[in-house]
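Inspection log for the structure reproduced underneath, given as structure tokens.
What you see is a predicted model; the values in this text were computed from it and never measured.
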Amino acid sequence: MKNLIRYYFLLIIIMMVSCTEKEKEEQKVMEKALILQALPFETISLNSMTSFKPTSNNWQLAGNVYADRSTDKAITAEKGTGILVNIPREGEKGALFTNFEHGDIAFECDVLMPKNSNSGLYFQGRYEVQLFDSWGVKSISHSDMGGIYQRWDTSRGEGNEGFEGVPPTTNAAKSPGLWQHLKVIFHAPKFDASGTKTKNAWFEEVWLNGVLIHENVEVSGPTRAAAYAGEKPKDALMIQGDHGPVAFKNINYKLYDNQKITLSDITMNEYDSKEVVITNFDSLVAIRTVKTDTISAAMVSGERPKKILKYEGMMTLPKTGDYLFDFKVNGAGGYLLIAKDTVVNLNGDYNLDSLGLGKISLKKGTVPFTLVYNKHRPWTQGFSLEVEGEGIQKYPLTAPSSLDLTRNMPDEKYMIAVENQPVLQRSFLMHNDAKRTHCISVGNPEKIHFAYDLASASLLKAWSGKFLDATMMWHQRGEKQLGVPAGFTVSFHGDPEFVLLPNAEAAWPNGKEENTAYKLLGYELDQDRIPIFSFSIGENVFTDAIKPSKTMRSLTRTITSMSNQDFWHKVAEGEAIELLPDGTYIVNNQSYFIDFSTSNEEKPILRKSKNGTDELLVKMTSGNRQIKYNIIW
């Protein structure tokens, strides 16, 4: 294990020396993703129906599905596997139950809703998260996408039967026909030895399309149309089958029990910190030694000190298996040793965004551990250590006082609101883990907003709901200068969108090299006070107008060119882009539609890029040209 750890960190050092700053950050993100996969979810195989109990024939497997956005409850399934589809019909409307039973569970899936369709996920067959086509709904309720469905009791009297339904905090539902990502952490009711319920079931978190829509919602009993009236510690997951067609893929879960790691016999030694990198503890003299049952950065003594805290003790593992430790430091350093193996090494100068993950296989029983926190900066403080194990939900081993992320933050965020006319705000913006420095965000009264990179004439993001969180721009020094979209967000490829290509097969520039011929000419406000961007590439001039729809969640983009050369415009890029029967394109990696149904002189082409992704391009031939398309999500 020691040799493996040493090899891992040597590999990281070599990569950091050889990479540019941007490549370093990209490598860190990639490494972090790889490590997190060491504690995988269980996957429900959709190569057959063996993961489910027998049911009626409305449930089937498919290789692909298509939902016509113009027709109610219409879905077409293509032969194959990998997608679970419900197509109810007379006499065949059965619900589907998993073979596994669950108590506490983390659950994720992708779900596709046809127009005006309706279904539901019933945890333990009793507590429903609603699945519904809620695209464009202004006033949402418990019966909309992601809602915790109401309970039902006829004894409450007519008109009062329904109770305890909880709507999502925001409408994050995508357009019908698009894949949507649902993530749920559910806790089963708890019972004592006699079978008496001691705690209600509750939904710790429900996320829809990356938006947290529920947090710590308690349900006192089964919701309406549950399979069972009574409650149990464990039971099967149920998918409703009688209300409408629905499709699922990428169904994954983790089952949790109540076991946890325990720490004991902890001794804390405090030292003066003289170096950023700790090289030898033998040369340091402890200024304080205490026995403790708490691990916290708040134990540092003095005012704005530079100190080292070294914790040594025993760690008791409840089971044999893999454990993932997450060590975060706030402008500091440190490391974690377990049974003398280096699990996480942040010996140096690191921040809260730094990679501090380490996986280790441990046997049930008690082993020694050492945790070191080097507070070498006087003005920053805080660290945390969290752990996840097989059947163990991630939780902190450090005290809440050890890392207070709300410290020095305002009581309320600085939100930029939009009222009767568009609002324009310049800021930095994060896109694909890189900071863009020349961005403008445009907020609209229709609550459909977008962000644009003025340095490359590229559309970066679109979102709906609230406009922009400016806290990191305006609070105190606003060091990060970041604007953060405040609603349900879709990101686009972000590459330069207008380039000269020698032919239709030539590789698209990756955007890392500056286009010296590009020049921003500025922007003008139209009659609705929406900006029209203008830029030139050499002697060729372009305008770019992006306007929100008045009736649905979409943007209409109109691009004009006055050029003496043939240019190419990259409309979209994704793992897979498909032309649908209704003439729209679906971009699968971000799950949005591109609609070219308006009249265009120039027609799009779909091609495979050099790195294996699909690209949707339009050739803008020389002269005065215009292309127009809708982005729908």
Shortest non-hydrogen contact from [X] toward [Y]:
{"X": "V85", "Y": "A77", "result": "CG2-CB, 4.4 Å"}
{"X": "F488", "Y": "A173", "result": "CE2-O, 4.3 Å"}
{"X": "W152", "Y": "F163", "result": "N-CE2, 3.9 Å"}

task: Show the numbers, then the answer: is there a salt bridge (charged side-chain N to carboxylate O under 4.0 Å, His left out) between D544 and R557?
output: CA-CA 7 Å; D544 193 355; R557 191 172 188 184; 2.6 Å; yes
task: Could you check D104 against K190 for salt bridge (charged side-chain N to carboxylate O under 4.0 Å, His left out), going step by step and ending with a plain yes or no?
output: CA-CA 10 Å; D104 297 350; K190 302 298 183 278; 3.0 Å; yes
Identified side chain to side chain contact (heavy atoms under 4.5 Å, CB included) counterpart of [X] within the set [options]:
{"X": "V206", "options": "I185, I213, V211, L212", "answer": "I213"}
{"X": "Q130", "options": "D144, N118, I148", "answer": "N118"}
{"X": "I239", "options": "N86, L84, V111", "answer": "L84"}

Within the distance-only criterion (no hydrogens, no angle test), does the side chain of [X] pair as donor or acceptor with the backbone N or O of [Y] below 3.5 angstrom?
{"X": "S117", "Y": "P245", "answer": "yes"}
{"X": "H449", "Y": "P548", "answer": "no"}
{"X": "T223", "Y": "E128", "answer": "yes"}
{"X": "S134", "Y": "V137", "answer": "no"}
{"X": "S402", "Y": "A399", "answer": "no"}
{"X": "N611", "Y": "T613", "answer": "yes"}
{"X": "S549", "Y": "T551", "answer": "yes"}
{"X": "R151", "Y": "V219", "answer": "no"}
{"X": "K249", "Y": "L46", "answer": "no"}
{"X": "S427", "Y": "L482", "answer": "no"}

Is there a side-chain contact between [X] and [Y] (heavy atoms, below 4.5 Å)?
{"X": "K547", "Y": "L555", "result": "no"}
{"X": "L616", "Y": "F596", "result": "yes"}
{"X": "S141", "Y": "F132", "result": "no"}

- prompt: Can you name the one residue among Y127, F123, Y149 that meets ring pair (Phe, Tyr, Trp, His ring centres under 6.0 Å) with F203?
  reply: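 By the ring pair (Phe, Tyr, Trp, His ring centres under 6.0 Å) criterion, F203 pairs with just one of Y127, F123, Y149: F123.
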- prompt: Quick one: CD on Q393 to NZ on K254, what's the gap to the nearest 0.5 Å?
  reply: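 Separation between the atoms: 9.5 Å.
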- request: Check the pair N209 / Q180 against side chain to side chain donor-acceptor pair (under 3.5 Å), numbers first and verdict last.
  value: CA-CA 6 Å; N209 298 320; Q180 311 191 54; 3.1 Å; yes
- prompt: What class does the angle between the rings of Y253 and F100 fall in, given that below 30° is parallel, 30 to 60° is tilted and above 60° is perpendicular?
  reply: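 Because their plane-to-plane angle is under 30°, the rings of Y253 and F100 count as parallel.
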task: Show the numbers, then the answer: is there a salt bridge (charged side-chain N to carboxylate O under 4.0 Å, His left out) between K570 and E615?
output: CA-CA 7 Å; K570 184 194 282 191; E615 294 178 328; 3.4 Å; yes
- request: Cation-pi check, R69 to F593: give yes when NZ or CZ is under 6.0 Å from the six-membered ring centre and within 45° of the ring axis, no otherwise.
  value: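 Yes, a cation-pi geometry.
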task: Using the side-chain contact (heavy atoms from CB on, under 4.5 Å) rule, take F450 and I631 through it: C-alpha gap first, then chi angles, then the decisive distance, then the call.
output: CA-CA 11 Å; F450 66 89; I631 304 169; over 6 Å; no
Crowding at CZ, F533 (>12 non-hydrogen neighbours, <6.0 Å):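 Enclosed.
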